Participant: 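Handing you a structure now.
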Amino acid sequence: MASAAILHILGAGSLGSLWATRLHRSGQAPRLILRSPERLVAYRTAGGLTLSENGQQQCYPIAAELADAVTPIHRLLVACKAYDAETAIASLAGRLAPACDMLLLQNGLGSQQAIAARWPEARTICVSSTEGAYRGDDFQVLFAGQGHNWLGSPDQGQPPDWLHDSLGRAGIPHTWSQDILPRLWHKLAVNCAINPLTVLHECRNGGLLRHRQEVLGLCHELGQLLAANAHAEATRTLPEDVLRILSNTAGNYSSMYQDVHNGRRTEIGYLLGYACQRARQQGLHLPGLQRLHHALKEHLRRHGLPSD
Ligand code: NAD
Ligand code: KPL
């Protein structure tokens with residue numbers, strides 16, 4: 001296979017493994033890029049990535065390498081957390097082919113802009129994913145929630161010619177969006193209205209239905225932020241979207257709740273932190289959001305976790 005056709009996947013965590021296993025089983029030979037020689041040895045000992053789906057487990061012996069391998073990278077799926085993404089790309093920057101396609105799976109906003117500014121020759125494609133995957137043991141991933149992937153270029157460009165065929169063959173549900181930034185803003189707003197409160201009230205998503213006024217107050221402020229950055233439509237539907245998600249996912253713990261519960265760093269800086277920073281830059285007075293940010297940072301510090 002020509003190296004131009006290989007998709008390199010940076011980060012073999014939950015979503016990276018979910019994408020890698022589906023691409024591999026459709027015969028597309030993705031390559032994983034792991035973070036250290038120790039991880040590569042552990043991966044080779046495990047014999048591959050194991051995907052659990054619909055009660056079935058299958059191990060896929062996907063090729064893996066380190067960032068300092070020498071082959072050029074033409075297509076890169078960045079599957080790290082938002083706070084790791086830019087540093088991880090920098091570790092292999094010398095391998096990036098001119099006009100490389102970079103798919104960014106990160107939640108929230110901020111990391112995508114930093115990456116696009118640092119590697120302007122690359123074509124950055126943002127992905128907004130509602131699929132759900134969790135890591136089990138090392139190199140094991142559980143496909144926990146069917147969903148969809150919206151992909152789009154921040155400059156509203158066209159999709160690369162290989163994208164639809166490659167994802168389609170792998171069975172990765174996707175749609176190209178001409179308007180990806182408003183979509184990312186809307187998801188950020190939903191995450192800001194739900195995730196921090198589940199941490200502070202220590203509850204499942206559905207538990208926030210008992211704090212409806214607090215949630216709706218945040219939606220009101222987040223709506224002002226969306227009005228300045230996304231579409232009027234997204235602003236109008238935010239409260240009903242959030243209440244519907246709370247009902248539909250009532251039994252779930254939010255991703256931020258799970259991160260805190262498991263002692264893992266959260267993506268607060270790319271969600272609430274980014275929202276508050278943009279509000280300040282845009283001269284918006286959003287006191288409820290600022291108070292929430294402050295309370296969450298305090299909570300994280302008390303739990304010994306980074307507050308950025
Ligand atoms: P994860 O923590 O499971 O995986 C991230 C992986 O990146 C880890 O294996 C980590 O070791 C690796 N990594 C970090 N730095 C690296 C480096 N320098 N080189 C190589 N690997 C490196 O995270 P995840 O849950 O897969 O989430 C990835 C992104 O996708 C996040 O922004 C998350 O918010 C978003 N997202 C996740 C889900 C989900 O269901 N998991 C759903 C939607 C969006
Ligand atoms: O995306 C989510 C998350 O947990 O990160 C939902 C379930 C929508 C809550 O914000």
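Atoms within each ligand, like the ligands themselves, are counted from 1 in listed order. From a predicted model like this one, the values you see are computed outputs, not experimental measurements.
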Participant: Under a 4.0 Å heavy-atom limit, does A144 contact ligand 1 with its side chain, its backbone, both, or neither?
Facilitator: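 Answer for A144: neither.
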
Participant: Report yes or no: does D308 contribute a side-chain atom to a donor-acceptor pair with the main-chain N or O of G269 at less than 3.5 Å?
Facilitator: no

Participant: Could you check whether H174 and W176 have their ring centres less than 6.0 Å apart?
Facilitator: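 Between H174 and W176, which both carry aromatic rings, the centre distance is not below 6.0 Å.
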
Participant: What protein heavy atom sits nearest atom 8 (C) of ligand 2, and how far off is it?
Facilitator: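 The answer is I245 CG2, 3.8 Å.
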
Participant: Among all protein non-hydrogen atoms, which one is nearest to atom 10 (C) of ligand 1, and what is the separation to 0.1 Å?
Facilitator: R35 NH1, 3.7 Å

Participant: What is the distance from atom CG of N252 to atom OH of Y257, rounded to the nearest 0.5 Å?
Facilitator: 12.5 Å

Participant: Going by an N to O cut-off under 4.0 Å, is there a salt bridge joining R31 and E65?
Facilitator: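 Salt bridge flag = yes for E65 with R31.
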
Participant: Any chance CD of Q56 has more than 12 other-residue heavy atoms, nucleotides or ligands included, within less than 6.0 Å?
Facilitator: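 Not more than 12 within 6.0 Å, no.
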
Participant: Out of all atoms in ligand 1, which are within 4.0 Å of some heavy atom of G132? Include the element for each.
Facilitator: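 Those of ligand 1 that fall under 4.0 Å from G132 are 40 (O).
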
Participant: Counting heavy atoms only, which of L197, L246, N205, L271 comes nearest to atom 7 (C) of ligand 2?
Facilitator: N205

Participant: With a sphere of 6.0 Å drawn around NE2 of H211, does it hold more than 12 non-hydrogen atoms of other residues, nucleotides or ligands?
Facilitator: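 Enclosed: over 12 neighbouring heavy atoms sit under 6.0 Å from NE2 of H211.
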
Participant: Considering only the protein, which heavy-atom contact is closest to atom 5 (C) of ligand 1, and what is its distance?
Facilitator: A79 O, 3.4 Å

Participant: Run the numbers for me: atoms of ligand 2, each under 4.0 Å from some heavy atom of S254, listed by number.
Facilitator: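 The list of qualifying atoms is 4 (O).
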
Participant: Do ligand 1 and Q106 have nitrogen or oxygen atoms that lie under 3.5 Å from each other?
Facilitator: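 No; the residue has no nitrogen or oxygen that sits under 3.5 Å from a nitrogen or oxygen of the ligand.
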
Participant: If you measure from each non-hydrogen atom of A12 to ligand 1, which part falls under 4.0 Å: side chain, backbone, both or neither?
Facilitator: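 Just the backbone.
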
Participant: If you have a sec, work out which protein heavy atom is nearest atom 5 (O) of ligand 2 and how many Å separate them, to one decimal?
Facilitator: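 Of every protein heavy atom, S255 OG, 2.5 Å lies nearest to atom 5 (O) of ligand 2.
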
Participant: Any idea which of G145, S14, A133, A85 brings a heavy atom closest to atom 40 (O) of ligand 1?
Facilitator: A133

Participant: Would you mind listing which atoms of ligand 2 come within a distance below 4.0 Å of any non-hydrogen atom of I194?
Facilitator: 9 (C), 10 (O)

Participant: Quick one: pull up CZ in R25 and CD in Q58 and give me the separation to the nearest 0.5 Å.
Facilitator: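 R25 CZ to Q58 CD: 8.0 Å, rounded to 0.5 Å.
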
Participant: Which of the atoms in ligand 1, numbered in the order shown and given with their element, are less than 4.0 Å from a heavy-atom of G11?
Facilitator: 7 (O), 12 (C), 21 (N)

Participant: Strictly distance-based, threshold 3.5 Å: is any side-chain N or O of R95 a donor or acceptor partner for the main-chain N or O of A67?
Facilitator: yes

Participant: Under 4.0 Å from a heavy atom of E131: give me the atoms of ligand 1 that qualify, with their elements.
Facilitator: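 Per the distance check, 40 (O), 42 (C), 43 (C).
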
Participant: Just to confirm my output: which protein heavy-atom neighbour is closest to atom 1 (P) of ligand 1, and how far is it?
Facilitator: R135 NH2, 3.7 Å

Participant: Do L15 and ligand 1 have an N or O pair less than 3.5 Å apart?
Facilitator: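 There is such a contact, yes.
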
Participant: Should R75 and D101 be marked as a salt bridge (charged side-chain N to carboxylate O under 4.0 Å, His left out) after you check the CA-CA gap, both sets of side-chain angles, and the distance that decides it?
Facilitator: CA-CA 5 Å; R75 302 172 188 172; D101 291 327; 5.1 Å; no

Participant: Using only atom types and a distance under 3.5 Å, with no angle test, would you say the side chain of Q28 pairs donor to acceptor with the backbone of S166?
Facilitator: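 Yes; at least one donor-acceptor contact below 3.5 Å.
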
Participant: What residue and atom, counting heavy atoms only, is the protein's closest point to atom 23 (O) of ligand 1, and at what distance?
Facilitator: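 Answer for atom 23 (O) of ligand 1: K81 CE, 3.5 Å.
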
Participant: If you take the nearest heavy atom of each of V127, L104, L105, which one is closest to atom 35 (C) of ligand 1?
Facilitator: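 Nearest heavy atom to atom 35 (C) of ligand 1 lies in L105.
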
Participant: Return the closest protein heavy atom for atom 29 (C) of ligand 1 as residue, atom name and distance.
Facilitator: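 Scanning the protein heavy atoms, the shortest distance from atom 29 (C) of ligand 1 goes to C80 O, 3.6 Å.
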
Participant: Does Q282, at its CD atom, have more than 12 non-hydrogen atoms belonging to other residues, nucleotides or ligands within less than 6.0 Å?
Facilitator: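 Counting neighbours around CD of Q282, more than 12 heavy atoms of other residues, nucleotides or ligands fall under 6.0 Å, so yes.
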
Participant: Looking only at non-hydrogen atoms, find the nearest pair between C80 and Q106 and report the distance.
Facilitator: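 Result for this residue pair: O-NE2, 2.7 Å.
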
Participant: Quick one: which of L208, N195, T198 has a heavy atom closest to atom 10 (O) of ligand 2?
Facilitator: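 Comparing heavy atoms across L208, N195, T198, the nearest one to atom 10 (O) of ligand 2 lies in N195.
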
Participant: When you look at NE2 of H148, are more than 12 heavy atoms from neighbouring residues, nucleotides or ligands closer to it than 6.0 Å?
Facilitator: yes

Participant: Give the atoms of ligand 1, by number and element, whose distance to some non-hydrogen atom of I33 is under 4.0 Å.
Facilitator: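 Heavy-atom distances to I33 below 4.0 Å select 20 (C).
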
Participant: Considering heavy atoms of the protein only, find what lies nearest to atom 1 (O) of ligand 2 and give residue, atom and distance to 0.1 Å.
Facilitator: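 I find the closest protein heavy atom is N191 ND2, 3.1 Å.
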
Participant: What about R39: any of its N or O atoms under 3.5 Å from an N or O on ligand 1?
Facilitator: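 The answer is no, given that R39 and ligand 1 share no N or O pair closer than 3.5 Å.
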
Participant: Should you measure from each heavy atom of L10, which atoms of ligand 1 turn up under 4.0 Å away?
Facilitator: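 Ligand 1 atoms under the 4.0 Å threshold to L10: 19 (N), 20 (C).
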
Participant: Within the supplied structure, the quantity of interest is the number of heavy atoms (other residues, nucleotides, ligands) at a distance under 6.0 Å from R212 CZ; does it exceed 12?
Facilitator: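 Incorrect, the count does not exceed 12.
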
Participant: Nearest protein heavy atom to atom 4 (O) of ligand 1, by residue and atom, and its distance?
Facilitator: G13 CA, 3.2 Å

Participant: Hey, is D84 touching ligand 1 through its side chain, its backbone, both or neither, going by heavy atoms under 4.0 Å?
Facilitator: side chain

Participant: Could you check atom 32 (O) of ligand 1 against the protein and tell me its nearest heavy-atom contact, residue, atom and distance included?
Facilitator: E267 OE2, 2.7 Å

Participant: Show which atoms of ligand 1 fall inside a sub-4.0 Å distance from at least one heavy-atom site of N107.
Facilitator: 32 (O), 34 (O)

Participant: As an exercise, state the distance from CG of N229 to CZ of R278, rounded to the nearest 0.5 Å.
Facilitator: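 One gets 4.5 Å once the value is rounded to the nearest 0.5 Å.
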
Participant: Answer with side chain, backbone, both or neither: which part of T87 has a heavy atom less than 4.0 angstrom from an atom of ligand 1?
Facilitator: neither

Participant: Would you say ligand 1 has an N or O under 3.5 Å from any N or O of K187?
Facilitator: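 K187 vs ligand 1: no N/O contact under 3.5 Å.
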
Participant: For D241 and R244, what are the C-alpha separation, side-chain angles and deciding distance, and is it a salt bridge (charged side-chain N to carboxylate O under 4.0 Å, His left out)?
Facilitator: CA-CA 5 Å; D241 293 342; R244 191 185 59 251; 3.3 Å; yes

Participant: Is there any N or O on K187 that sits under 3.5 Å from an N or O of ligand 2?
Facilitator: no

Participant: Provide, to 0.1 Å, the distance between atom 18 (N) of ligand 1 and the closest protein heavy atom, together with that atom's residue and name.
Facilitator: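 The answer is A88 CB, 3.3 Å.
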
Participant: Given 3.5 Å as the limit, does a donor-acceptor pair link the side chain of E267 with the main chain of A82, or not?
Facilitator: yes

Participant: Taking D165 first and then R169, would you say they form a salt bridge - that is, a charged N and a carboxylate O separated by under 4.0 Å?
Facilitator: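 Answer for the salt bridge query: yes.
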
Participant: How about NE2 on H164, more than 12 heavy atoms from neighbouring residues, nucleotides or ligands closer than 6.0 Å, or not?
Facilitator: no

Participant: May I ask you to check whether S129 has an N/O atom sitting below 3.5 Å from an N/O atom of ligand 1?
Facilitator: no

